[in-house]
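All chains are named by letter (A, B, ...) in the order of the sequence lines, taking the proteins before the strands, and each is independently numbered beginning at 1.
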Amino acid sequence: MKRVSVPAGRLEPRSDAYPIVPTRGALEMSLEDFRAEAALWIVENAPRSLYGTRSGRFDGYWGGKKQPPVSEDVARWLAACVERGWTAPDWPTELGGGGLSRQHTEIISEILTELKLPPPLVGFGLAMIGPTLLDFGNDAQRAAHIPPIVRGEVRWCQGYSEPGAGSDLASLATRAVRDGDDFVIDGQKVWTSHADKSDWIFALVRTNPDAKKQSGITFILIDMSTHGVSTRPIELISGSSPFCEVFFENVRVPAANVVGQVDHGWTVAKALLGYERSMIGAAMGGQLRDAEADLVARARRALDAPSGQLPSALTRDEIADLAMDEACFNVTVQRVIEGMKGGKKPGSESSILKVVGSALKQRRFDLAVKIAGPESQGWEGDAFAADDLSLTRDWLRSRGNTIEGGTSEVQLNIIAKHVLGLP
Amino acid sequence: MAFSLTEDQTQIADSARKLVETQAPIARLRTLRSQPERWSRKCWAAMAEAGWTALCVQERHGGLDLGLTELALVAEAAGRQLAPEPLVSSAVLFASAVQLLGTHAQRDQLLASVADGTRIGALCVADGGRYDAPDRGCVQARIVDGGFIVDGVRSHTLDVTLADTLIVAARGPNGAVTLFVVDANATGITRTPEARVDGRDAATVRFDSVRLAPADILGELGGGLAQLDGALDRGAVGVAAFALGAATRALELTLDYVRTRIQFGVAIGSFQALQHRLAYVFAKVELARSGVLTASRAIDAGAADGPRLASMAKAKACDALELAAKEGIQMFGGVGMTDEYDIGFYLKAHRGLDTWLGDSAHHRARWATLQGY
Ligand SMILES: Cc1cc2nc3c(=O)[nH]c(=O)nc-3n(C[C@H](O)[C@H](O)[C@H](O)COP(=O)(O)OP(=O)(O)OC[C@H]3O[C@@H](n4cnc5c(N)ncnc54)[C@H](O)[C@@H]3O)c2cc1C
């Protein structure tokens, strides 16, 4: 991987207005030139306080009306990138994107990772519903929804799962009945991540109860502020409450909010799951980058071995084995990205990323708590270091990685059937 | 770094696969294993004809001067059918050692014939081809009359029986190891073939007062085994690519079998307990493929992390082969245990490939060392 060298003395962000460098030339220059130019622009525009703040988790500002940026610098960083179309570098410029290729986008994200800078904006808008609308939405829907996503003004959540429909998603029962220009929606979603902090929800609803399972489903966009929508947070084993139940009672939604055809939402839903899995996979690639250094640092503390060879052969072996798998995984992510060049859709190989990436992440945290030993037992308070407390919580949270976005078992079913061709 | 193959590389991979399938199918292992020559000169000639032995040799020595990236493609093809020809020994380990350490004279003398396949080279530097075990110092060199006299025994040495030229490591009186290029048929050398689980060519090599000259030294006098690191890293990637091909093929054989074997009125491949395990094997094989791809490219590019990535490729590819072979035998059921079915060959091959050039645990320890912990 190319290292980005940060020129000394250049870290101070410029106080004047963000220089607008024409993105147009980027497509003509070589990728290496682009890397140099992009690194320079990032170094000039990223506020100094943000360097090193990316801890490797899903960080970055999630956008939306309900949660303002945590600091002025986060807002400045977002504004600078919005100006240049770099919150969504490979989306069309007329919708607020950067008009670049996927490779350019990769380069930008490599530079950010290298500098431990958070991306200016993250979330389901950029990662899931945006790409879906670009592929399946009509012009009016794109014009209405893409620019606010790119600018971080609207936060989206995903209303797929229901109490009776998890892995067997197509058995979902939330009803939508046509009434004039609207659909009237009744039912319940569950495990909806960040529903209470979101402005809009993309949901799967049943429009035809008589049709065969997959065929009566419609993909629809719902403004969460509509009368009749309510949310209730659910507490996780890690103690946080990132996801909710969402209730719909007589919710009127314009029929114009249907993406694709009524009763044919399953195709849209599946395409979106492909983006979701590649997002989860790729995000894990990013998160895994620093795992080895983190584990070694923990082992040094736990084994009281500040330098040199770790005194535990077993710990060395386990860290090295994990680090090798992670390195191979990150290359696999790159292979998949390369395979998607020229606008090809992520195929079933993206589910290999999900199943492998989520298991690796769990292994990372399992190994970390094992190395931390007694220090991994804290829950809250002063008896444990803050870093160790968050490790315990992250470790618990990581159990969800093999459940969310389609369980590992379901992923393995997909690989067996669609990649290995088993009956 | 680009991982997709260029058109030329795709062509190399395709024709390598065709060559192996038509001229070197795995079935021949059953006859080769009982013959005095454990691999086929005819197949070797075909591989040489196709340029395999020239891939990693520089152009001015008659080579093609391509890289490990290309070599890995043909080694992977060879691995699919477990072809026992000494590709990695001669065309990678020996060729790289001479290229990296040899004098002009040595390179002029040795490389052209290695590139065209007429000379078989092999390493005879560590018992069992392991670099993770302490050197027992069984081969000693004394200095006599401005030359050297080498005595000792090296056991479990791969690909030496039919080799023409060996690279031998011998410990001098001061304890330092010197490498020599030695004619395998020199007076005082006896090679006693060994019977191995994987059926490959290996021998115990005995040195009785073998006389060598200063011009036979490869690298520095007393330069140590570490001089070979560059060649061993390349060899590790070659072995990894071979193991990757073997793992891929073992999985394919198993998939073919579970699709057609009927029990309880259905193909056993419809059982989820088998499907999930096969999907997991597939994921492991794909990760190993990424390992081989990145290691071969890193070494070709002269990247600083080449050695570490070579260790990764070796460990991950051999681990993938082990899993694919063991799950394969299990899923074949009773017939998996029979000599008649090919799947067992893959497990036997793993035993040899894993040990050769250091096993997976050795390579993980090496990775940790190179990463500073
Ligand atoms: C942290 C987190 C965040 C989430 N965020 C969202 C969100 O934002 N929006 C949303 O819609 N959903 C979300 N989900 C829900 C998630 O998609 C579901 O939990 C998941 O699809 C599994 O469904 P379930 O919980 O009903 O489990 P079930 O489907 O009941 O599965 C229980 C167990 O049975 C296994 N199983 C089920 N079917 C099979 C089969 N055919 N073969 C083998 N094994 C099987 C599963 O693998 C699992 O181990 C989230 C979940 C988590 C944990």
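- At least one side-chain heavy atom of B:His276 sits under 4.5 Å from a side-chain heavy atom of A:Asn413.
- Among B:Ala368, B:Ala288, B:Ala315, the residue making the largest number of heavy-atom pairs under 4.5 Å with chain A is B:Ala368.
- A distance-only check finds a donor-acceptor pair linking the side chain of A:Arg335 to the backbone of B:Glu286 [under 3.5 Å].
- Neither the backbone nor the side chain of B:Glu252 comes within contact range of chain A; no heavy atoms are under 4.5 Å apart.
- The nearest pair of heavy atoms linking A:Thr332 to B:Ser290 is OG1-OG, 2.7 Å.
- Looking only at side-chain heavy atoms (C-beta outward), B:Tyr280 and A:Val355 stay at 4.5 Å or farther from each other.
- Within the 4.5 angstrom heavy-atom criterion, no atom of A:Ala313 approaches chain B.
- With respect to chain A, the highest number of heavy-atom pairs below 4.5 Å among B:Ala361, B:Ala283, B:Ser270 belongs to B:Ser270.
- A 6.0 Å sphere centred on CG of A:Asp168 holds more than 12 heavy atoms belonging to other residues, nucleotides or ligands.
- Interatomic distance, CE of A:Met324 versus CZ of B:Arg364, reported as 7.0 Å (0.5 Å rounding).
- Here the rule is side chain to side chain contact (heavy atoms under 4.5 Å, CB included) with B:Tyr373, and of A:Leu310, A:Leu295, A:Thr315 only A:Leu310 fits it.
- Of the inter-residue distances, the one linking A:Leu360 atom CG with B:Leu287 atom CG reads 7.0 Å to the nearest 0.5 angstrom.
- Around CE of A:Met29, the count of heavy atoms belonging to other residues, nucleotides or ligands within 6.0 Å exceeds 12.
- Atom NZ of A:Lys270 is surrounded by 12 or fewer heavy atoms from other residues, nucleotides or ligands within 6.0 Å.
- A:Leu412 places none of its side-chain heavy atoms less than 4.5 Å from the side chain of B:Gln275.
- For B:Val266, no part lies under 4.5 angstrom from a heavy atom of chain A.
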**Report entry** Audit row: A:Arg316, B:Thr369, side chain to side chain donor-acceptor pair (under 3.5 Å) steps and yes/no
**Finding:** CA-CA 9 Å; A:Arg316 287 181 85 210; B:Thr369 303; 2.8 Å; yes
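- Between A:Leu420 atom CG and B:Leu251 atom CG the span is 6.5 Å, to the nearest 0.5 Å.
- Using a 4.5 Å cut-off between heavy atoms, B:Arg289 touches chain A through backbone and side chain atoms alike.
- Around CD of B:Gln11, the count of heavy atoms belonging to other residues, nucleotides or ligands within 6.0 Å does not exceed 12.
- Between B:Lys284 and A:Asp325, none of the side-chain N atoms (NZ, or NE/NH1/NH2) sits under 4.0 Å from a carboxylate O, so this pair counts as no salt bridge.
- Of the listed residues (B:Ala295, B:Gly291, B:Ala365, B:Ser360), the greatest number of heavy-atom pairs within a distance under 4.5 Å of chain A belongs to B:Ala365.
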